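From a predicted model like this one, the values you see are computed outputs, not experimental measurements. Note: hydrogens, waters and symmetry copies are ignored here, and every other heavy atom, side chains too, is used.
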Number of protein chains: 2
Amino acid sequence: MKKNKAICDAQTCFMCQNCIEEWRPAICANKTNFKLKKGELVFKEGDAVTGIYFVYSGNIKVYKKWDADKELILRFAKGGAILGHRGIGDDLIYPISASALEDSVVCYVDMKFFESTLKVNTELTFQLVNFFANELRVSERRMRDLAHMPVKGRVADALLKLQNQFGITDTGLININLSRQDLASYAGATYETVFRVINELVSENTISLTGKSIAVVNQEALTALIESA
Amino acid sequence: MKKNKAICDAQTCFMCQNCIEEWRPAICANKTNFKLKKGELVFKEGDAVTGIYFVYSGNIKVYKKWDADKELILRFAKGGAILGHRGIGDDLIYPISASALEDSVVCYVDMKFFESTLKVNTELTFQLVNFFANELRVSERRMRDLAHMPVKGRVADALLKLQNQFGITDTGLININLSRQDLASYAGATYETVFRVINELVSENTISLTGKSIAVVNQEALTALIESA
DNA sequence: CGTTGGGTTGACTGATCTCAACCTCCGTGG
DNA sequence: CCACGGAGGTTGAGATCAGTCAACCCAACG
């Protein structure tokens with residue numbers, strides 16, 4: 001990661017957004033920016049936690065390894081998002097890994113400084129609680145889905161979530177460049193199975209392909225797959 | 001739920017434990033106790049959130065429904081635990097259900113009061129952030145396990161977690177009375193499959209049965225099931 | 001050109017779910 | 001006291017979903 005002078009942009013960082021005005025200068029003074037190339041790791045499972053990151057630009061995948069060649073993608077962190085918040089608390093070790101899906105810029109704040117900010121800045125802490133509560137809700141819903149929903153539904157769910165988070169291009173394609181492997185890791189299934197499901201969805205006219213990009217054609221059909229078993 | 005006069009016990013409630021001394025009387029004044037009979041619901045998915053609960057005694061299962069007859073148990077809340085914290089944040093609707101596994105007592109605090117406490121009491125909020133961070137860690141690990149770990153490993157994991165949380169009796173049995181159905185819902189598999197796996201583990205001398213209760217005989221064998229695929 | 005990383009496909013296997021039956025315990029009402 | 005019924009537990013047979021393995025293809029790139 002290439003280190004840069006910090007540029008504090010209140011529009012694109014959770015910490016600045018939710019911090020009281022007076023703390024902004026201090027935050028800027030304690031921030032470090034990092035430039036990441038595509039594929040570069042921000043941190044990985046087992047690394048010691050020393051601070052917290054915020055994404056300025058680009059797209060970071062947050063995932064948890066299972067095998068050497070299996071993982072589950074937990075979420076994608078885009079501009080403004082917190083990164084590494086799972087390192088907060090008792091445990092001083094990241095339980096997850098994060099790597100850049102495209103060239104990205106993140107900023108870093110030392111954990112001591114972040115925690116002392118939290119102690120002082122009630123609003124920030126309160127927003128953080130809300131943020132965590134949401135993460136937990138999403139996470140637990142996904143737990144249930146992974147346990148009970150068949151792969152086809154999980155793929156449908158993944159596609160809709162991707163469309164929600166990344167929007168669509170003017171030609172209707174989901175606006176993210178994701179390898180099939182990563183899509184599979186996001187849906188929590190194998191490469192080949194996801195591939196077949198994608199084909200199935202195409203032949204049912206629920207989605208369409210343009211190169212590797214995917215467009216949702218029949219949103220209701222996808223939703224239907226998620227609702228029932 | 002039978003309503004009672006509140007008895008604030010600093011030993012057994014997350015809020016009191018982490019609150020500044022001065023707020024205790026106010027907390028007590030804003031608490032309501034509820035007695036629950038075995039099987040009784042505290043709240044269910046879709047209910048409006050109006051406050052937050054803390055468990056005084058007993059054991060509450062927190063779960064998320066899938067079918068009419070399928071669910072995933074997310075966790076068990078014992079004495080001191082927070083209950084209904086997933087209702088914090090934007091969403092005014094519980095994403096999960098909670099019901100008593102045995103006769104229990106919970107206390108209830110109005111959400112407005114709880115939030116205003118958070119705004120004032122930095123330490124409580126900070127502890128809440130830590131708590132959420134831990135929940136999220138656990139939850140995301142479980143997500144990955146549900147996605148990639150075979151049932152046998154998930155059952156092993158469930159048993160170890162139960163033993164950790166509930167301890168063992170003097171005869172070595174895991175100190176919780178759980179139906180096979182609930183065990184299955186906790187492991188995220190079907191009743192019959194879990195049953196077969198249990199048998200398998202017994203015949204491998206990894207666990208032993210006494211009535212419906214389970215004792216871990218060979219902890220390392222269980223751990224081994226969790227480590228690798 | 002060869003190599004490499006995706007992508008695509010088929011055959012096969014096996015884990016896990018479903019369904020259905022039966023059993024046992026226990027509380028309830030006649 | 002006994003018959004009944006329901007809830008939970010136990011077991012087997014079979015279907016099927018989804019993972020594994022292996023092959024092939026294609027485009028990019030040194």
Side-chain angles (χ1 to χ4, degrees), chain A residues 37-39 61 66-73 99 101-102 144-158 176-204 207-214 225 228-229, chain B residues 37-39 61 66-73 99 101-102 144-158 176-204 207-214 225 228-229:
Chain A
K37 279 174 295 183
K38 180 174 176 176
K61 77 167 174 180
W66 171 247
D67 261 345
D69 51 353
K70 262 192 217 163
E71 64 191 31
L72 180 72
I73 293 180
S99 77
L101 283 176
E102 48 191 69
R144 182 207 56 187
D145 292 349
L146 284 165
H148 292 309
M149 191 186 269
V151 169
K152 194 166 177 181
R154 300 213 300 271
V155 171
D157 193 42
I176 183 180
N177 190 350
L178 203 61
S179 75
R180 288 277 187 273
Q181 182 55 260
D182 278 340
L183 180 58
S185 298
Y186 191 43
T190 57
Y191 193 70
E192 295 94 325
T193 303
V194 169
F195 179 81
R196 285 177 240 264
V197 169
I198 293 283
N199 279 350
E200 213 180 316
L201 290 172
V202 169
S203 71
E204 286 165 5
I207 62 174
S208 70
L209 296 180
T210 308
K212 288 163 206 171
S213 297
I214 298 176
L225 285 172
S228 73
Chain B
K37 278 175 295 183
K38 181 177 175 171
K61 78 166 173 179
W66 171 246
D67 260 346
D69 51 352
K70 260 191 221 165
E71 65 190 30
L72 180 73
I73 294 181
S99 78
L101 282 177
E102 48 191 71
R144 183 207 54 187
D145 292 348
L146 285 166
H148 293 308
M149 192 187 268
V151 170
K152 194 166 178 182
R154 301 213 299 271
V155 170
D157 193 42
I176 184 179
N177 190 349
L178 204 60
S179 75
R180 289 278 187 272
Q181 182 56 260
D182 279 340
L183 180 57
S185 299
Y186 192 43
T190 57
Y191 194 69
E192 295 93 326
T193 303
V194 169
F195 178 81
R196 285 176 239 265
V197 169
I198 292 283
N199 279 350
E200 213 179 316
L201 289 172
V202 169
S203 72
E204 287 165 3
I207 62 174
S208 71
L209 297 179
T210 308
K212 287 164 206 169
S213 298
I214 297 177
L225 285 171
S228 73

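When the C1' atom of C:dA20 is taken as reference, atom CZ of B:Phe195 falls 16 Å away, rounded to whole Å. Nucleotide C:dC25 holds its P atom 17 Å from the CG atom of B:Asn177, rounded to whole Å. Regarding B:Met149, its CE atom lies at a distance of 18 Å from the C1' atom of D:dA18, rounded to whole Å. Rounded to a whole Å, the CD1 atom of A:Ile198 is 17 Å from the P atom of C:dG6. Rounded to whole angstrom, the span from the CG atom of B:Asp69 across to the C1' atom of C:dA20 amounts to 15 Å. Atom CD of A:Gln181 and atom P of C:dG7 are 8 Å apart (whole Å). Following rounding to the nearest Å, A:Glu200 (CD) and D:dC17 (P) show an atom-to-atom distance of 9 Å. One interatomic measurement links the two molecules: NZ of A:Lys38 to P of C:dG5, which rounds to 14 Å at whole-angstrom precision.
When side chains are defined from C-beta on, B:Asp182 counts as touching B:Glu71, because their heavy atoms get closer than 4.5 Å. Annotation: side chain of A:Phe195 is in contact with side chain of A:Asn199 (closest heavy-atom distance under 4.5 Å).
Here the side chain of A:Arg154 pairs a donor or acceptor atom with the backbone of A:Met149 at under 3.5 angstrom.
Closest heavy-atom contact between B:Ile207 and B:Ile198: CD1-O, 3.9 Å. The two residues B:Ala158 and B:Leu183 come nearest to each other via the heavy atoms CB-CD1, 4.4 Å. The heavy-atom pair separating B:Leu146 from A:Ala147 by the smallest distance is CD2-CB, 4.0 Å. A:Lys152 and A:Leu201 get closest at one heavy-atom pair: CE-CD2, 3.9 Å. Summarising the geometry of A:Tyr186 relative to A:Leu72, their closest heavy-atom pair is O-CD1, 4.4 Å, with the distance given to 0.1 Å. What you find for A:Gly39 and A:Ser99 is that their closest heavy atoms are O-CB, 4.2 Å.
Among the nucleotides C:dT9, C:dT18, D:dA18, the one closest to the side chain of A:Asn199 is C:dT9. Of the candidate nucleotides D:dG9, C:dC17, D:dG19, D:dG19 has the atom nearest to the side chain of A:Thr190.
The distance from atom NZ of B:Lys37 to atom CD of B:Glu102, rounded to the nearest 0.5 Å, is 15.5 Å. Taking OG1 from A:Thr190 and CZ from A:Arg196, the interatomic distance works out to 7.5 Å, rounded to the nearest 0.5 Å.
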Write down the protein N/O and nucleotide N/O pairs, taken from nucleotides 12-15 of chain D, whose separation is under 3.5 Å; answer none if there are no such pairs.
residue : atom : partner  : partner atom : Å
D:dG12  : N7   : B:Arg196 : NH1          : 3.1
D:dG12  : O6   : B:Arg196 : NH2          : 3.1

Polar atoms only, N or O, under 3.5 Å: list the protein pairs with nucleotides 23-30 of chain D and their distances.
none

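The residue among A:Leu178 and A:Ala147 whose nearest nucleotide of DNA chain C lies closer to the 5′ end is A:Leu178. Closest-nucleotide positions on DNA chain D for A:Ala189 and B:Leu209 were compared, and the one nearer the 5' end corresponds to B:Leu209.
In this structure, B:Thr193 does not reach the C:dT16 phosphate: none of its side-chain N or O atoms is under 4.0 Å from OP1 or OP2. The phosphate of D:dA7 (OP1 or OP2) has no side-chain N or O of B:Lys212 nearer than 4.0 angstrom. Taking side-chain N and O atoms only, A:Tyr191 has a distance below 4.0 Å to OP1 or OP2 of C:dG7.
Inter-axis angle, ends of the helix from C:dC1-D:dG30 to C:dG30-D:dC1, five pairs per end, rounded to 10 degrees: 20°.
In summary, the side chains of A:Ser213 and A:Thr210 do not present any donor paired with an acceptor at a separation below 3.5 Å, with no hydrogens or angles considered.
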